[in-house]
Amino acid sequence: MGVQQYDKIGEAFEGFKALPLARYGEVPSFLGMVGDVRGKSVLDVACGTGFYSREFKRRGAADVFGVDISVEMIAAARESEQRDPLGARYEVGDVAELRPLERNFDIAVAVQCLNYAEDIAAMERMCRNIHRSLVPGGEFFVLAQKPDYRFDCASLEKYGFRCEPTGEEAETGPLARVTALLDPQPISILSTVPRREVYEQCLRTAGFSAVEWVPLQVSEAGIHEFGEDFWADLLAHPPLVMLRCRA
(Lines give C-alpha, C1' and ligand atoms only; values in the text may rest on other atoms or scores of the structure.)
Protein backbone atom coordinates (compact mmCIF):
# COMPACT_ATOMS: atom_id res chain seq x y z
CA MET A 1 0.00 0.00 0.00
CA GLY A 2 2.87 2.39 0.72
CA VAL A 3 5.44 2.10 -2.06
CA GLN A 4 3.33 3.11 -5.08
CA GLN A 5 1.79 6.06 -3.23
CA TYR A 6 5.15 7.42 -2.13
CA ASP A 7 6.87 6.84 -5.47
CA LYS A 8 4.29 9.21 -6.98
CA ILE A 9 4.90 11.86 -4.31
CA GLY A 10 8.70 11.95 -4.42
CA GLU A 11 10.32 15.21 -3.40
CA ALA A 12 6.94 16.92 -2.87
CA PHE A 13 6.80 15.02 0.44
CA GLU A 14 9.13 17.62 1.93
CA GLY A 15 6.24 20.09 1.77
CA PHE A 16 4.38 18.15 4.47
CA LYS A 17 6.84 19.40 7.09
CA ALA A 18 5.98 23.06 6.39
CA LEU A 19 2.29 22.63 7.28
CA PRO A 20 1.33 23.85 10.79
CA LEU A 21 0.58 20.41 12.28
CA ALA A 22 3.95 19.04 11.16
CA ARG A 23 6.08 22.15 11.64
CA TYR A 24 4.89 23.05 15.13
CA GLY A 25 3.49 19.73 16.36
CA GLU A 26 5.02 16.62 14.82
CA VAL A 27 8.59 17.75 14.21
CA PRO A 28 9.39 19.44 17.55
CA SER A 29 7.49 16.75 19.49
CA PHE A 30 9.32 13.89 17.82
CA LEU A 31 12.75 15.47 18.00
CA GLY A 32 12.09 16.36 21.63
CA MET A 33 11.15 12.76 22.47
CA VAL A 34 14.23 11.32 20.74
CA GLY A 35 16.40 13.82 22.60
CA ASP A 36 20.17 14.15 22.45
CA VAL A 37 21.67 12.17 19.56
CA ARG A 38 25.21 13.57 19.75
CA GLY A 39 27.74 10.83 19.06
CA LYS A 40 25.03 8.19 18.60
CA SER A 41 24.12 5.99 15.65
CA VAL A 42 20.58 6.27 14.27
CA LEU A 43 18.59 3.90 12.04
CA ASP A 44 15.78 5.80 10.29
CA VAL A 45 13.26 3.30 8.90
CA ALA A 46 10.73 4.56 6.36
CA CYS A 47 13.02 7.59 6.14
CA GLY A 48 11.22 9.08 3.14
CA THR A 49 13.18 11.97 1.68
CA GLY A 50 15.53 11.97 4.66
CA PHE A 51 14.04 14.89 6.61
CA TYR A 52 14.74 13.38 10.04
CA SER A 53 17.96 11.70 8.92
CA ARG A 54 19.38 15.10 7.98
CA GLU A 55 18.12 16.66 11.19
CA PHE A 56 19.82 14.00 13.33
CA LYS A 57 23.10 14.60 11.50
CA ARG A 58 22.75 18.34 12.10
CA ARG A 59 22.21 17.56 15.77
CA GLY A 60 25.46 15.66 16.00
CA ALA A 61 24.60 12.00 15.34
CA ALA A 62 27.74 10.06 14.48
CA ASP A 63 26.10 7.76 11.95
CA VAL A 64 22.65 7.93 10.33
CA PHE A 65 21.35 5.24 8.00
CA GLY A 66 17.97 5.72 6.31
CA VAL A 67 15.93 2.94 4.73
CA ASP A 68 12.75 3.36 2.66
CA ILE A 69 10.78 1.08 0.37
CA SER A 70 10.23 3.87 -2.18
CA VAL A 71 12.88 4.25 -4.87
CA GLU A 72 11.76 7.83 -5.53
CA MET A 73 11.94 8.79 -1.87
CA ILE A 74 15.48 7.45 -1.55
CA ALA A 75 16.45 9.23 -4.79
CA ALA A 76 15.20 12.50 -3.31
CA ALA A 77 17.07 11.83 -0.05
CA ARG A 78 20.32 11.18 -1.93
CA GLU A 79 19.84 14.33 -4.00
CA SER A 80 19.48 16.35 -0.80
CA GLU A 81 22.66 14.74 0.52
CA GLN A 82 24.50 15.69 -2.67
CA ARG A 83 23.31 19.30 -2.46
CA ASP A 84 24.13 19.61 1.24
CA PRO A 85 26.50 16.83 2.32
CA LEU A 86 25.89 15.86 5.95
CA GLY A 87 27.06 12.24 5.89
CA ALA A 88 23.68 10.49 6.04
CA ARG A 89 23.50 7.17 4.17
CA TYR A 90 20.41 5.83 2.41
CA GLU A 91 19.23 2.53 0.97
CA VAL A 92 16.07 1.23 -0.70
CA GLY A 93 14.59 -1.53 1.44
CA ASP A 94 11.42 -3.01 2.90
CA VAL A 95 11.48 -2.85 6.71
CA ALA A 96 9.39 -6.03 6.84
CA GLU A 97 12.20 -7.79 4.93
CA LEU A 98 15.14 -5.75 6.24
CA ARG A 99 18.50 -7.34 5.53
CA PRO A 100 20.97 -7.83 8.41
CA LEU A 101 22.90 -4.58 8.69
CA GLU A 102 26.64 -4.14 9.14
CA ARG A 103 26.22 -2.63 12.58
CA ASN A 104 23.77 -2.32 15.44
CA PHE A 105 22.40 1.14 16.17
CA ASP A 106 21.89 3.06 19.39
CA ILE A 107 18.56 4.49 18.23
CA ALA A 108 15.90 3.53 15.67
CA VAL A 109 13.12 5.85 14.56
CA ALA A 110 9.99 5.11 12.55
CA VAL A 111 7.77 7.98 11.42
CA GLN A 112 4.58 6.68 9.77
CA CYS A 113 6.07 3.24 9.15
CA LEU A 114 4.44 0.46 11.18
CA ASN A 115 0.99 1.59 10.05
CA TYR A 116 1.82 0.37 6.53
CA ALA A 117 2.10 -3.25 7.66
CA GLU A 118 -0.41 -5.27 5.65
CA ASP A 119 -1.25 -7.45 8.65
CA ILE A 120 -0.12 -8.26 12.19
CA ALA A 121 2.48 -10.76 10.99
CA ALA A 122 4.08 -8.08 8.79
CA MET A 123 4.16 -5.60 11.67
CA GLU A 124 5.78 -8.21 13.88
CA ARG A 125 8.45 -8.79 11.21
CA MET A 126 9.08 -5.05 11.03
CA CYS A 127 9.49 -4.85 14.79
CA ARG A 128 11.73 -7.93 14.95
CA ASN A 129 13.99 -6.57 12.21
CA ILE A 130 14.28 -3.22 13.96
CA HIS A 131 14.94 -4.91 17.33
CA ARG A 132 17.66 -7.05 15.72
CA SER A 133 19.30 -3.89 14.36
CA LEU A 134 19.64 -2.20 17.76
CA VAL A 135 22.29 -2.57 20.44
CA PRO A 136 21.06 -4.11 23.72
CA GLY A 137 19.18 -1.35 25.53
CA GLY A 138 18.86 0.70 22.33
CA GLU A 139 15.80 2.90 22.01
CA PHE A 140 13.05 2.78 19.39
CA PHE A 141 10.87 5.84 18.74
CA VAL A 142 7.64 5.76 16.72
CA LEU A 143 5.31 8.45 15.37
CA ALA A 144 1.96 7.41 13.92
CA GLN A 145 -1.69 8.30 13.61
CA LYS A 146 -3.44 8.09 16.97
CA PRO A 147 -5.16 4.71 17.24
CA ASP A 148 -8.32 6.01 18.91
CA TYR A 149 -8.63 9.20 16.86
CA ARG A 150 -12.34 9.64 16.13
CA PHE A 151 -11.98 11.91 13.10
CA ASP A 152 -13.99 14.50 15.02
CA CYS A 153 -11.68 17.52 14.91
CA ALA A 154 -13.78 19.73 12.68
CA SER A 155 -11.02 22.27 12.19
CA LEU A 156 -8.11 19.90 11.48
CA GLU A 157 -7.83 21.49 8.03
CA LYS A 158 -6.58 24.76 9.52
CA TYR A 159 -3.52 22.80 10.61
CA GLY A 160 -2.87 21.74 7.02
CA PHE A 161 -4.36 18.26 6.89
CA ARG A 162 -7.59 16.36 6.35
CA CYS A 163 -8.08 12.92 7.88
CA GLU A 164 -11.00 10.72 6.81
CA PRO A 165 -11.98 7.11 7.54
CA THR A 166 -12.60 4.98 4.45
CA GLY A 167 -15.02 2.62 6.18
CA GLU A 168 -12.70 -0.32 5.44
CA GLU A 169 -10.96 -2.45 8.04
CA ALA A 170 -7.62 -4.26 7.89
CA GLU A 171 -6.40 -6.87 10.37
CA THR A 172 -4.38 -4.23 12.24
CA GLY A 173 -7.10 -1.55 12.30
CA PRO A 174 -9.29 0.77 10.21
CA LEU A 175 -8.10 2.42 7.01
CA ALA A 176 -7.88 6.19 6.74
CA ARG A 177 -7.05 8.69 4.04
CA VAL A 178 -4.81 11.58 5.09
CA THR A 179 -4.61 14.58 2.78
CA ALA A 180 -1.87 17.18 3.06
CA LEU A 181 -3.43 20.45 1.92
CA LEU A 182 -0.47 21.60 -0.12
CA ASP A 183 -0.71 24.45 -2.62
CA PRO A 184 -1.39 24.11 -5.51
CA GLN A 185 -1.95 20.32 -5.36
CA PRO A 186 -3.12 18.49 -2.20
CA ILE A 187 -1.62 15.03 -1.70
CA SER A 188 -3.57 12.10 -0.24
CA ILE A 189 -2.14 8.96 1.34
CA LEU A 190 -4.01 5.82 2.38
CA SER A 191 -2.86 3.79 5.38
CA THR A 192 -4.17 1.78 8.29
CA VAL A 193 -4.60 3.14 11.81
CA PRO A 194 -3.45 0.16 13.92
CA ARG A 195 -5.09 -0.39 17.28
CA ARG A 196 -3.10 0.31 20.46
CA GLU A 197 -3.04 -3.34 21.45
CA VAL A 198 -1.65 -4.27 18.02
CA TYR A 199 1.29 -1.89 18.42
CA GLU A 200 1.98 -3.08 21.95
CA GLN A 201 1.63 -6.77 21.08
CA CYS A 202 3.95 -6.53 18.06
CA LEU A 203 6.59 -4.53 19.90
CA ARG A 204 6.62 -6.85 22.91
CA THR A 205 6.61 -9.98 20.73
CA ALA A 206 9.69 -8.58 18.98
CA GLY A 207 11.46 -8.18 22.32
CA PHE A 208 10.89 -4.52 23.13
CA SER A 209 10.11 -3.46 26.68
CA ALA A 210 9.09 -0.30 28.56
CA VAL A 211 6.53 0.57 25.86
CA GLU A 212 5.27 4.10 26.55
CA TRP A 213 2.75 6.25 24.69
CA VAL A 214 3.80 9.90 24.43
CA PRO A 215 1.32 12.66 23.51
CA LEU A 216 1.92 15.26 20.83
CA GLN A 217 2.78 18.77 21.97
CA VAL A 218 2.80 22.16 20.27
CA SER A 219 6.07 24.09 20.32
CA GLU A 220 6.51 27.52 21.87
CA ALA A 221 7.25 28.80 18.37
CA GLY A 222 3.86 27.54 17.20
CA ILE A 223 2.05 29.23 20.09
CA HIS A 224 3.95 32.44 19.44
CA GLU A 225 3.10 32.27 15.72
CA PHE A 226 -0.62 31.51 15.99
CA GLY A 227 -1.64 31.94 19.65
CA GLU A 228 -2.93 29.35 22.13
CA ASP A 229 -6.55 29.41 20.94
CA PHE A 230 -5.53 28.35 17.43
CA TRP A 231 -4.17 25.04 18.79
CA ALA A 232 -7.04 24.20 21.16
CA ASP A 233 -8.84 21.84 18.76
CA LEU A 234 -5.64 20.01 17.86
CA LEU A 235 -4.66 19.44 21.47
CA ALA A 236 -8.20 18.34 22.35
CA HIS A 237 -8.31 15.85 19.45
CA PRO A 238 -4.71 15.10 18.41
CA PRO A 239 -4.53 12.97 15.24
CA LEU A 240 -0.96 11.85 15.95
CA VAL A 241 0.71 10.10 18.87
CA MET A 242 4.20 8.83 19.67
CA LEU A 243 5.67 5.69 21.19
CA ARG A 244 8.97 4.93 22.81
CA CYS A 245 10.38 1.57 23.91
CA ARG A 246 13.67 -0.18 24.58
CA ALA A 247 15.41 -3.17 23.01
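- In terms of heavy-atom proximity, Trp231 sits nearest to Ile223 at NE1-N, 3.8 Å.
- Contact detail for Gly48 and Ala77: the closest heavy-atom pair is O-CB, 4.0 Å.
- Listed here is the closest heavy atom pair of Ala247 and Val135: CB-O, 3.9 Å.
- Ring geometry for Phe151 versus Tyr149: interplanar angle over 60°, hence perpendicular rather than tilted (30 to 60°).
- Cluster membership for Leu134 and Val211, using ILVMFWY side-chain heavy atoms within less than 4.5 angstrom, is shared.
- Between Lys40 and Asp63 there is no salt bridge, since no side-chain N of the basic residue sits under 4.0 Å from a carboxylate O of the acidic one.
- Note that the CD atom of Glu26 and the OG atom of Ser219 stand 12.0 Å from one another [nearest 0.5 Å].
- The closest side-chain heavy-atom distance from Asp68 to Asp44 is not below 4.5 Å.
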Side-chain donor/acceptor pairs under 3.5 Å, residues 169-177, sequence neighbours excluded:
unit_1 : atom_1 : unit_2 : atom_2 : d
Glu171 : OE1    : Ile120 : N      : 3.2

>> Pair Ile189, Phe16 - check side chain to side chain contact (heavy atoms under 4.5 Å, CB included), show working.
In response: CA-CA 12 Å; Ile189 296 171; Phe16 283 43; 3.8 Å; yes

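- Side-chain heavy atoms closer than 4.5 Å link hydrophobic residues (I, L, V, M, F, W, Y) into clusters, and following such links, possibly through other members, connects Val67 to Val142.
- Contacts classified as ring-ring contact (aromatic ring centres under 6.0 Å, His included) and involving residues 127-146 (residues at least two apart or in different chains) are given here: His131-Phe208, Phe140-Phe208.
- Nearest heavy atoms, Arg38 versus Asp36: NH2-OD2, 2.8 Å.
- Within 6.0 Å of CG on Asp229 lie no more than 12 heavy atoms contributed by other residues, nucleotides or ligands.
- Heavy atoms from other residues, nucleotides or ligands lying under 6.0 Å from CD of Glu164 number more than 12.
- Residues satisfying the side-chain hydrogen bond (donor to acceptor under 3.5 Å, both in side chains) criterion with Arg78, sequence neighbours excluded, are absent altogether.
- You'll find the side chain of Leu240 reaches within 4.5 Å of the side chain of Gln112, heavy atoms only.
- A side-chain N or O of Asp106 and one of Ser41 form a donor-acceptor pair less than 3.5 Å apart.
- For the pair Lys158 (side chain) and Phe230 (backbone), a donor-acceptor distance under 3.5 Å is present.
- Judged purely by atom type and a 3.5 angstrom limit, Arg246 uses its side chain to pair as donor or acceptor with the backbone of Gly137.
- Ion pairing between a basic and an acidic side chain is recognised when a charged N comes within 4.0 Å of a carboxylate O; Arg23 and Glu225 show no such pairing.
- A ring-ring contact (aromatic ring centres under 6.0 Å, His included) check over residues 48-70, counting only residues at least two apart or in different chains, returns the pairs Phe30-Tyr52.
- The CD1 atom of Ile74 lies 3.5 Å from the SG atom of Cys47; values are rounded to the nearest 0.5 Å.
- For the residue pair Ser191 and Gln145, a side-chain donor N or O sits within less than 3.5 Å of a side-chain acceptor on the partner.
- How far OH of Tyr24 is from CG of Leu234: 13.5 Å, rounded to the nearest 0.5 Å.
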>> Does Leu101 form a side chain to side chain contact (heavy atoms under 4.5 Å, CB included) with Leu43? I'd like the steps, not just the answer.
In response: CA-CA 10 Å; Leu101 303 177; Leu43 172 63; 3.9 Å; yes

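- Taking the salt bridge (charged side-chain N to carboxylate O under 4.0 Å, His left out) definition, one finds that Arg132 meets it with nothing, sequence neighbours left out.
- Rounded to the nearest 0.5 angstrom, Leu216 CG and Met33 CE are separated by 10.0 Å.
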>> Working note: Asp233 + Tyr159, criterion side chain to side chain contact (heavy atoms under 4.5 Å, CB included); need CA distance, chi angles, decisive distance, verdict.
In response: CA-CA 10 Å; Asp233 289 334; Tyr159 308 116; 3.6 Å; yes

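- Side chain of Asn129 to backbone of Val95: a donor-acceptor contact under 3.5 angstrom is found.
- Atoms CG and CD, on Asp119 and Glu124 in that order, are 9.0 Å from each other to the nearest 0.5 Å.
- Nearest heavy-atom pair across Ala61 and Val64 is CB-CG2, 3.7 Å.
- Every residue meeting the ring-ring contact (aromatic ring centres under 6.0 Å, His included) condition with Tyr199, not counting sequence neighbours, appears here in chain and number order: Trp213.
- In this structure a side-chain-to-backbone donor-acceptor pair under 3.5 Å is missing from Thr179 to Leu181.
- With Leu243 as reference, Leu203 is the one residue of Val214, Leu114, Leu203 to meet the side chain to side chain contact (heavy atoms under 4.5 Å, CB included) rule.
- Cluster annotation: Phe161 and Val241 are assigned to distinct hydrophobic clusters (Ile/Leu/Val/Met/Phe/Trp/Tyr, side-chain heavy-atom contacts under 4.5 Å, transitive).
- Linking ILVMFWY residues whenever their side-chain heavy atoms come closer than 4.5 Å, directly or via other members, leaves Met242 and Met123 in distinct clusters.
- A salt bridge does not link Arg54 to Glu81: none of the charged nitrogens lies less than 4.0 Å from a carboxylate oxygen.
- Considering all non-hydrogen atoms of both residues, Gly25 and Ser29 come closest at O-OG, 2.7 Å.
- Checked for salt-bridge contact, Glu55 and Arg59 meet the test: a charged N lies under 4.0 Å from a carboxylate O.
- Contact annotation: the side chain of Gln201 never approaches that of Val198 to less than 4.5 Å [non-hydrogen atoms, C-beta and beyond].
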> Taking it one step at a time, do Val109 and Val45 satisfy side chain to side chain contact (heavy atoms under 4.5 Å, CB included)?
Replying inline: CA-CA 6 Å; Val109 298; Val45 297; over 6 Å; no

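- The structure places NZ of Lys146 at 12.5 Å from SG of Cys163, a figure rounded to the nearest 0.5 Å.
- Placement of Val27 and Phe226 within a single hydrophobic cluster is found when ILVMFWY residues are connected by side-chain heavy-atom separations under 4.5 Å, directly or transitively.
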